[in-house]
Protein chains: 2
Amino acid sequence: MAKREKSQPTVIPRAAASRLSRYLRYLEELDRNGVTTTSSQALGAALGVTAAQVRKDLGYFGQFGYPGLGYKIAQLTPELRRILGTDKAWNVALVGIGNLGTALLRYKGFSAHGFRIVALFDASPALVGKRVEGNEVHHVDEISARVRECNIELAVLSVPGEAAQAVADRLVEAGIRGIFNFAPALLNLTQEVAYVSIDLALELEQLSFVVTQRERESGL
Amino acid sequence: MAKREKSQPTVIPRAAASRLSRYLRYLEELDRNGVTTTSSQALGAALGVTAAQVRKDLGYFGQFGYPGLGYKIAQLTPELRRILGTDKAWNVALVGIGNLGTALLRYKGFSAHGFRIVALFDASPALVGKRVEGNEVHHVDEISARVRECNIELAVLSVPGEAAQAVADRLVEAGIRGIFNFAPALLNLTQEVAYVSIDLALELEQLSFVVTQRERESGL
DNA sequence: TAGATTGTTAATCGATTAACAATC
DNA sequence: TAGATTGTTAATCGATTAACAATC
């Protein structure tokens with residue numbers, strides 16, 4: 001069975017990419033437990049998707065399995081890291097050093113997956129020049145210079161909604177490649193900049209919606 | 001045009017419910033700007049979806065518009081709140097008062113949308129009994145008693161991945177209706193408990209994936 | 001070899017978009 | 001009234017699942 005990736009990169013459903021991360025997490029767990037081989041059946045069962053889904057998702061990127069045997073964890077794991085781009089370390093800027101920003105800075109999950117927060121920015125004079133978790137906070141005016149200087153490719157945005165677009169514009173102008181946005185705002189970005197956004201209140205509202213719907217269904 | 005909701009609750013796509021929250025946000029903004037009327041066309045253009053999508057999404061829940069006129073913001077806004085369940089205040093428990101938990105506790109976006117964090121829990125003896133933002137931290141053993149006592153329906157989980165399932169089990173046993181999970185763990189929950197989960201590292205990995213894909217496309 | 005499981009094509013399912021009669 | 005826009009049905013598009021020949 002061929003071991004090389006696809007030359008024709010068909011359009012990949014976003015949901016498939018998200019599942020790839022989950023497969024990787026589970027493979028890492030299996031590896032820690034000393035398991036060396038798995039199958040689309042086993043992976044799917046563990047993560048609540050069908051075996052066909054697993055094979056289809058992997059199939060977007062190449063042929064990684066062995067018919068009759070399944071997948072070798074030691075082989076598939078680095079392939080998934082390569083596909084997801086986490087086979088290298090990323091330099092990340094953190095803009096907005098408030099409660100959420102500080103929590104994100106301290107969050108171990110980012111560094112554990114190769115994301116290094118190497119520069120902090122804030123607009124508040126009270127914060128600029130201070131050190132947070134060993135990193136100096138710079139003024140947002142310095143974004144452009146430092147993003148280039150430190151080879152920063154990704155930015156995490158945890159500023160107030162009103163400030164988000166202006167900061168995003170600076171980041172884009174500085175040549176950032178992707179923005180992870182926590183501000184409750186719709187950002188207008190050029191197509192070249194990748195974009196992932198989380199609106200915490202909106203997500204909690206989704207929970208409220210589902211609970212409410214079920215209460216109405218059962219109560220009536 | 002009829003003004004009443006559907007009696008037959010067809011299955012609602014999850015993506016549609018998420019857009020509902022966005023429509024509501026935008027209507028609130030329009031209202032602040034003194035706008036009184038809008039249309040599916042205008043709403044869709046502002047949020048990057050088609051007018052047909054907007055009408056279809058609203059159509060799952062009833063008839064709220066006026067042909068030829070559009071939607072009256074003063075009417076549609078409370079309807080959306082009612083649909084999403086944010087026309088009432090929710091009592092929320094916060095379990096795990098670490099960096100992220102504390103940031104979530106201070107986050108103004110939750111209370112602004114009617115979510116009141118009314119009880120804090122942690123397993124650490126160093127934290128139990130302390131006050132954080134004016135709220136006493138209770139031991140996780142007290143979850144069951146306090147969830148019932150304070151009429152808590154939702155819980156935010158910001159505990160380490162290893163602890164998540166055990167805490168979730170306690171919450172379910174205490175009769176919680178929905179869990180908003182930040183722990184990087186797959187939770188096994190009964191069907192009756194609603195569930196929204198955010199894995200921060202996984203989301204950042206999605207950003208890395210998109211950036212990597214584009215670099216490979218353009219670089220080769 | 002016989003059994004198991006892959007990769008991939010075809011069939012199904014669900015969500016989005018287009019079209020249009022109804023109507024403000 | 002004429003113009004605009006809804007609610008809804010039908011058409012399209014995309015993603016998931018099933019099926020199965022290839023093959024370890």
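Chain letters run A, B, ... following the sequence lines, proteins first, then strands; residues in each count from 1. From a predicted model like this one, the values you see are computed outputs, not experimental measurements.
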Any stems for DNA chain C, made of 3 or more Watson-Crick or G-U pairs in a row, each with both distances under 3.5 Å? C:3-24 with D:3-24

Phosphate contact (C:dA4 OP1 or OP2) by A:Tyr71 side-chain N/O below 4.0 Å: no

For C:dT17, does OP1 or OP2 lie under 4.0 Å from any side-chain N or O of B:Gln53? yes

Starting at CD of A:Gln63 and ending at C1' of C:dT9, how long is that distance when rounded to a whole Å? 14 Å

Rounded to the nearest angstrom, tell me the gap between atom OH in B:Tyr66 and atom P in C:dC24. 10 Å

Relative to the 5' end of DNA chain D, which residue comes earlier, A:Leu69 or A:Arg55, by the nucleotide with the nearest heavy atom? A:Arg55

Could you say whether A:Lys56 or A:Gly68 is positioned toward the 5' end of DNA chain D, judged by the nucleotide with the nearest heavy atom to each? A:Lys56

Residue pairs meeting salt bridge (Lys or Arg N to Asp or Glu O under 4.0 Å), one or both in residues 187-207 of chain A, sequence neighbours left out, come to A:Asp199-B:Arg25, A:Glu205-B:Arg25

Side chain to side chain contact (heavy atoms under 4.5 Å, CB included) with B:Ala163: which residues, sequence neighbours excluded? B:Val159, B:Pro160

Heavy-atom nearest nucleotide on DNA chain C for A:Ala52 versus B:Thr50: which residue maps closer to 5'? A:Ala52

ring-ring contact (aromatic ring centres under 6.0 Å, His included) contacts touching residues 150-193 of chain A (sequence neighbours left out): A:Phe180-A:Phe182

Qualifying ring-ring contact (aromatic ring centres under 6.0 Å, His included) pairs with a residue from residues 33-56 of chain A, counting only residues at least two apart or across chains: none

Close approaches to DNA chain D from residues 27-42 of chain A, in residue order (heavy atom, under 4.0 Å): none

Among C:dA22, D:dA15, C:dT16, the one nearest any side-chain atom of A:Pro13 is D:dA15

Would you classify A:Arg19 as touching base, sugar-phosphate or nothing, given that sugar-phosphate means primed atoms plus P, OP1 and OP2, and contacts are heavy atoms under 4.0 Å? sugar-phosphate

